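Encoded as structure tokens, the structure appears first; notes follow it.
Because the structure is a prediction, the values reported are computed rather than measured. Just so it is clear: chains get the letters A, B, ... in the order the sequence lines come, proteins before strands, and each one is counted from 1.
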There are 2 protein chains.
Amino acid sequence: MKIEDEIKQPAFKDNHQKALINLVFTTGWVQQQQSALFKGYGLTLPQFNILRILRGQHPKPATVNLLIDRMLDKTSNASRIVDKLEAKQLVTRTVCPSNRRAVDIRITEAGLELLQRLDAELETRRNGLQTLTDEEAAQLSNLLDKIRD
Amino acid sequence: MKIEDEIKQPAFKDNHQKALINLVFTTGWVQQQQSALFKGYGLTLPQFNILRILRGQHPKPATVNLLIDRMLDKTSNASRIVDKLEAKQLVTRTVCPSNRRAVDIRITEAGLELLQRLDAELETRRNGLQTLTDEEAAQLSNLLDKIRD
DNA sequence: GCACATTAAATGTATGTACATATATTTGCA
DNA sequence: TGCAAATATATGTACATACATTTAATGTGC
């Protein structure tokens, strides 16, 4: 559906305004698709993203700072997302021996297994952008980079 | 900065994954820019968006249902965002005479004046996508429409 | 006219976001 | 050495999101 119809706005001031609204709307749309998938596994989107970062580090631990560094949303509160994952026994938290201010966070076997089950489903969806060709995906990425210049 | 450096991930599996991560990251980036602007006026981003819809309706009233229909994030709780705006006397709420289940929401003079002050500042920023040409903005919009196909 | 479904909005609860502040540990340097 | 600054994380608060439930008003079929 065209963005004009999605939000019932017949016209936009210019292409910039239209692109901005489309950007926000479409990103929300994609994230909602993803969330719906994770929900069946008892995970939220940020919890999934943290788990994925921890798997990338495995078997090395990660600190909260490392998680924030790699997260897409830098201002979110990694501490409390880890709280939830710890309660579900998908991660462990231990004081870092070499720096007792820091905390070593590790993904558990249960966490790895959960991610593995999700991988299969995600693969079939090509990350939610399955309607784009390879070239279009690259083009989109370039335009997005230019926005942040 | 390229997306690889923004989130310290040296490579991506394919262009689709890279575009998806870039989409989420860049939209967050743009929204944070906007939020920073609104903060100086005591508004949050969703509050601003609701106010703008109400101005579009003015002097006709809007119902909560109409707000949800036009909001970018369909699942957010318009009722409670209106609560905050009402507390700041930027909108009024009255029971709709023709359907007493519904509520007529109107922007106040103070709300209109606040938006007018924000307009001037937003204009100079070209909606946060000022680094794109007109053609690139149109191209971006087309790619985003295709994602939702 | 009345029971029952439908509709509009509000409310409850869990989670997340944004930002300020607190607590504990480590570092650096006078 | 001692003490202030820096660092790592946790906590507090306000607001928003996501989704289920509740309350009140309206519409519909019998």
Side-chain angles (χ1 to χ4, degrees), chain A residues 24-25 27-51 61-69 71-88 90-105, chain B residues 24-25 27-51 61-69 71-88 90-105:
Chain A
V24 173
F25 181 82
T27 304
W29 185 90
V30 169
Q31 290 191 302
Q32 236 170 297
Q33 305 274 112
Q34 293 192 300
S35 290
L37 170 61
F38 299 138
K39 202 187 163 190
Y41 293 84
L43 281 185
T44 64
L45 192 47
Q47 286 170 13
F48 170 75
N49 286 326
I50 294 273
L51 270 191
T63 62
V64 171
N65 262 346
L66 183 142
L67 293 178
I68 292 172
D69 228 38
M71 281 168 75
L72 296 188
D73 189 333
K74 305 295 187 194
T75 69
S76 92
N77 202 324
S79 243
R80 274 187 278 232
I81 299 173
V82 171
D83 284 348
K84 311 288 172 184
L85 292 172
E86 193 182 19
K88 290 179 228 181
L90 300 174
V91 309
T92 60
R93 245 200 289 226
T94 55
V95 171
C96 173
S98 64
N99 179 353
R100 298 197 309 151
R101 283 171 304 185
V103 172
D104 281 345
I105 303 161
Chain B
V24 173
F25 181 82
T27 303
W29 184 89
V30 169
Q31 290 191 301
Q32 236 170 298
Q33 307 272 111
Q34 293 193 300
S35 290
L37 170 61
F38 299 138
K39 205 188 161 190
Y41 294 83
L43 281 183
T44 64
L45 193 45
Q47 287 170 12
F48 171 74
N49 286 326
I50 295 271
L51 270 191
T63 63
V64 169
N65 264 344
L66 183 142
L67 292 178
I68 292 171
D69 226 39
M71 280 169 76
L72 297 186
D73 190 332
K74 305 293 187 198
T75 67
S76 94
N77 202 322
S79 243
R80 274 187 279 232
I81 298 172
V82 171
D83 283 348
K84 310 289 171 182
L85 292 172
E86 194 182 19
K88 290 179 229 181
L90 300 174
V91 310
T92 60
R93 247 199 289 225
T94 55
V95 171
C96 172
S98 65
N99 180 352
R100 298 197 309 148
R101 281 172 304 185
V103 172
D104 281 345
I105 304 161

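Here the side chains of A:Thr63 and A:Cys96 are not in contact, with every heavy-atom distance at 4.5 Å or above.
Taking side-chain N and O atoms only, B:Ser76 has no distance below 4.0 Å to OP1 or OP2 of D:dA16.
Here the C1' atom of nucleotide C:dT15 and the CD1 atom of A:Ile50 are 14 Å apart, to the nearest Å. Rounded to whole Å, the distance from CZ on B:Phe48 to P on D:dA16 is 14 Å. Following rounding to the nearest Å, B:Leu72 (CG) and D:dT17 (P) show an atom-to-atom distance of 11 Å. Rounding to whole angstrom units, CD of residue B:Glu86 and C1' of C:dA9 are separated by 13 Å. Look at CG on B:Leu90: it is 13 Å from P on D:dC15, rounded to the nearest Å. In this structure, the CG atom of A:Leu37 is 16 Å from the C1' atom of D:dA18, given to the nearest Å. Between the C1' atom of C:dC19 and the CG atom of A:Asp73 lies a distance of 13 Å, rounded to the nearest Å. Rounding to whole angstrom units, CD of residue A:Gln31 and P of D:dC19 are separated by 13 Å.
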Reading nucleotides 3-12 of chain D from 5' to 3' and marking B where a protein heavy atom lies under 4.0 Å of the base, S where only the sugar-phosphate is that close, and - otherwise, the string is ----BSSBBB
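Judged as a side chain to side chain contact (heavy atoms under 4.5 Å, CB included), and not counting sequence neighbours, the contacts of B:Asp69 are A:Lys8. B:Thr27 is linked by a side chain to side chain contact (heavy atoms under 4.5 Å, CB included) to A:Leu23, A:Val24, A:Thr27, B:Leu23, B:Gln31, counting only residues two or more places apart in sequence or in another chain. Under the rule for a side chain to side chain contact (heavy atoms under 4.5 Å, CB included), the partners of B:Thr94 that lie at least two apart in sequence or sit in another chain are B:Asp104, B:Arg106.
Within the nucleic acid shown, A:Leu45 has no heavy atom closer than 4.0 Å to any nucleic acid atom. Here B:Gln47 lies in heavy-atom contact (under 4.0 Å) with sugar-phosphate atoms only.
Residue pairs meeting the side-chain hydrogen bond (donor to acceptor under 3.5 Å, both in side chains) criterion with at least one member in residues 35-46 of chain B, sequence neighbours excluded: B:Tyr41-B:Glu121. Among pairs with a residue in residues 75-84 of chain A, those fulfilling salt bridge (charged side-chain N to carboxylate O under 4.0 Å, His left out) read A:Asp83-A:Arg93, at least two apart in sequence or across chains.
Where A:Lys39 and B:Lys88 meet DNA chain D, the nucleotide closest to each residue was compared, and B:Lys88 sits on the side nearer the 5' end.
The two residues B:Met71 and B:Ala78 have their closest heavy-atom pair at SD-CB, 4.1 Å.
Of the candidate nucleotides C:dT26, D:dA16, C:dT15, C:dT15 has the atom lying nearest to any side-chain atom of A:Lys84.
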